[in-house]
Amino acid sequence: MAQKAHTYPPCDMQCVISSKPLISLWHLISGFHWQYFGATFFAGTAALARTGVNLFLGYFIDQILIKRQYGTKLIEAALIFAALIAGQAFSSFMSGKLAAQTGEGSTRRLRDYLFNHIQRLSFAYHSEAKTGDLLERATSDVDTLRRFFSDQAIGIGRITLIFIINLTAIYRINPRLAGISVVIVPVILVVSLLFFKQLSKSYASYQEQEAVLTTNLQENLSGVRVVKAFARQGYEIDKFEGNNAEKLRRGEKLNMMHALFWPISDLICAAQQITSSFIAALMAIDGVITVGNFIAFAGLLGWLIWPVRNLGRLIVDTSRALVSFKRITNILKVPEENLFIASCQPENGVKGDISFDHVSFEYEKNHPVLQDVNFSCKAGQVVALLGSTGSGKTSLVKLLPRFYEVTSGRILLDGVNLNEYSRDFLRSQIGIVEQEPFLFSASIRDNITYGMKHEVSQAKVEEVARDAAIHDVVESFTNGYDTLVGERGVTLSGGQKQRVAIARALLINPRILILDDSTSSVDMETEVQIRAALENLMKDRTTFIIAHRIQSIMDADLILVFDQGRIIQSGTHAELLSQPGAYQEIYEIQTRIDNALQEEIDNVSLL
């Protein structure tokens, strides 16, 4: 069982995604602002302690070493140095700790919110979105923000405080030296901003290609059995290497810009340090400042130039964070599917009377998938959908749980427009067994009980497993219902996965049952077992069966024959068989094939 999640401060994500980028990042750490200020404060005290070390070093040289004030003065100086260094160490620790709390806490909240948001996006969105790209944004891009909040965001306050403290200390030594020491600030800012724009474009391009590579890898690993079955390893290797080479090219371009930026900024800072040190040395020789002041200045100068140099790094890294933030907010801006708004929600569920009234549907504008579909069925009836691939059968049943909305016309459930029911309510009333069932990498029991929102007894699990003709198979496994099925159910045969999915659908006791060619992966004997078990289970349930074999839908109360999104024939098996048309032709072809196959089997048996 998953551990109970810790609570964290709330955050108004609408404010996050609707504000300007930098303001949005500030809103993103809502609830962690005190940690951020605390980290910045301790970064300031660490800088103050370090500055104190440099200043006291100058005092130590001028007042103790040069004047040879040893004895108690030396001990006092050692204690002061120790106190300053200890204060710096403690402040650095606290700053790092609070910065980590800010970064880890805010991005954990973002990661949870992003996952929650993705779960609530529409079926249409997920049918178009690439899994690898979503993975990249939910992992790599979020981690880029984590590093930004843990380091660069705190660095803004840290750099500002270090710069102000050290500049003030240098000013106290000599105002002229203070002015000379900050000459490079505008130069570094200009160079950093020039690189900022180019780095943003290069990093965005790099992240996009990394998403392509992740998608490529995810699809290949998911379909590895197909790859091996068709001996396409060479093709997949070439495809991956091509995408990887493109990532290398974009990565090299990005790294080249980094490689150019740091030497340029280091050269500017080094020139500043050498020039300032030279002038300070001349001033010490001329007696304008003391030797102790010169030593103190040398130490302070390093800590003045460091934040200026890191200001450039901060600007560059901020560009990467803004790119990742934009990629994340592109998902967060997609409207969520509303699951709960409804004007009709019967307390005792629905009966299952369904009527399609001039329904048309299209995934893309002006490309209809269903056209003017009209039919009605009573609660408990079995409706079979027959037709060639792409004729609109699966699209029709996807309208029932409101995975998609009709383009025109209306669907009535118990006389009420389907849109008046909430999606959550509808989906609790509908059990679906897909053509290609998906099983999670968990135990068989966990997969069967997946749709339940409460604990289910073992007896009930076994009951639906028997009804789905899978119980005896599960019992033959060493670990029974605790057997792990592996990722996507790879340890089970196609027929076994199909029956586990049927058991999962039956456990929720739906009023409407959708079987999307759900017996296509089982042999004839198993199909007979499932059909026999489903006969009683279909009673008082409105059932939609998508099938390609007429033999499996002969007993349906209504058979709809589809062609190019239209119903071209409808009726019972006997009615359709008596009419010239597609149904009669399909039946005759399948009967001839079955007879020929049986004849072959009989001939083999006689050998």
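Numbers here are sequence positions counted from 1.
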Identify the heavy atoms of A505 and V433 that sit nearest to each other, and give their distance.
CB-CG2, 3.6 Å
Short side-chain to backbone donor-acceptor contact, R250 and S205, under 3.5 Å:
yes
Could you pull out all residues at least two apart from F240 that satisfy side-chain contact (heavy atoms from CB on, under 4.5 Å)?
L213, N216, L217, N244
For T394 and V397, the nearest pair of non-hydrogen atoms, with its separation, is O-CG2, 3.1 Å
The criterion is salt bridge (Lys or Arg N to Asp or Glu O under 4.0 Å); which residues satisfy it with R137, sequence neighbours excluded?
D133
Only counting residues at least two apart or in another chain, list the ones meeting salt bridge (Lys or Arg N to Asp or Glu O under 4.0 Å) with R172.
none
Using 0.5 Å steps for rounding, measure from the CG atom of L322 to the OG1 atom of T329.
10.0 Å
Should the pair E405-R423 be classified as a salt bridge under the 4.0 Å nitrogen-to-oxygen rule?
yes
Mind running salt bridge (Lys or Arg N to Asp or Glu O under 4.0 Å) on E246 and R249 for me, showing each step along the way?
CA-CA 5 Å; E246 178 61 19; R249 186 188 69 79; 2.7 Å; yes
Closest heavy-atom contact between I331 and L121?
CG2-CD1, 4.2 Å
Aromatic rings H117 and Y113: how do their planes relate, parallel, tilted or perpendicular, breaks at 30° and 60°?
parallel
With sequence neighbours left out, what residues match F90 under ring pair (Phe, Tyr, Trp, His ring centres under 6.0 Å)?
none
Donor-acceptor check, side chain of R109 to backbone of S30, threshold 3.5 angstrom: yes or no?
yes
Any side-chain heavy atom of T168 sitting closer than 4.5 Å to one from I164?
yes
Can you name the closest pair of heavy atoms from I165 and G44 and give their distance?
CD1-O, 3.6 Å
Tell me every residue that passes salt bridge (Lys or Arg N to Asp or Glu O under 4.0 Å) with R50, counting only those two or more places apart in sequence or in another chain.
none
d(N447 CG, L484 CG) to nearest 0.5 Å is 9.5 Å
Y125/L134 under side chain to side chain contact (heavy atoms under 4.5 Å, CB included): CA gap, chis, key distance, verdict:
CA-CA 11 Å; Y125 176 85; L134 290 177; 3.7 Å; yes
Look at atom OH of Y450 and say whether more than 12 heavy atoms of other residues, nucleotides or ligands are closer to it than 6.0 Å.
no
Only one of R427, R402, R120 passes salt bridge (charged side-chain N to carboxylate O under 4.0 Å, His left out) with E337, and that residue is R427
Quick one: list whatever passes side chain to side chain donor-acceptor pair (under 3.5 Å) with S91, sequence neighbours left out.
T45
Can you find a side-chain donor-acceptor pair between S395 and Y404 that sits under 3.5 Å?
no
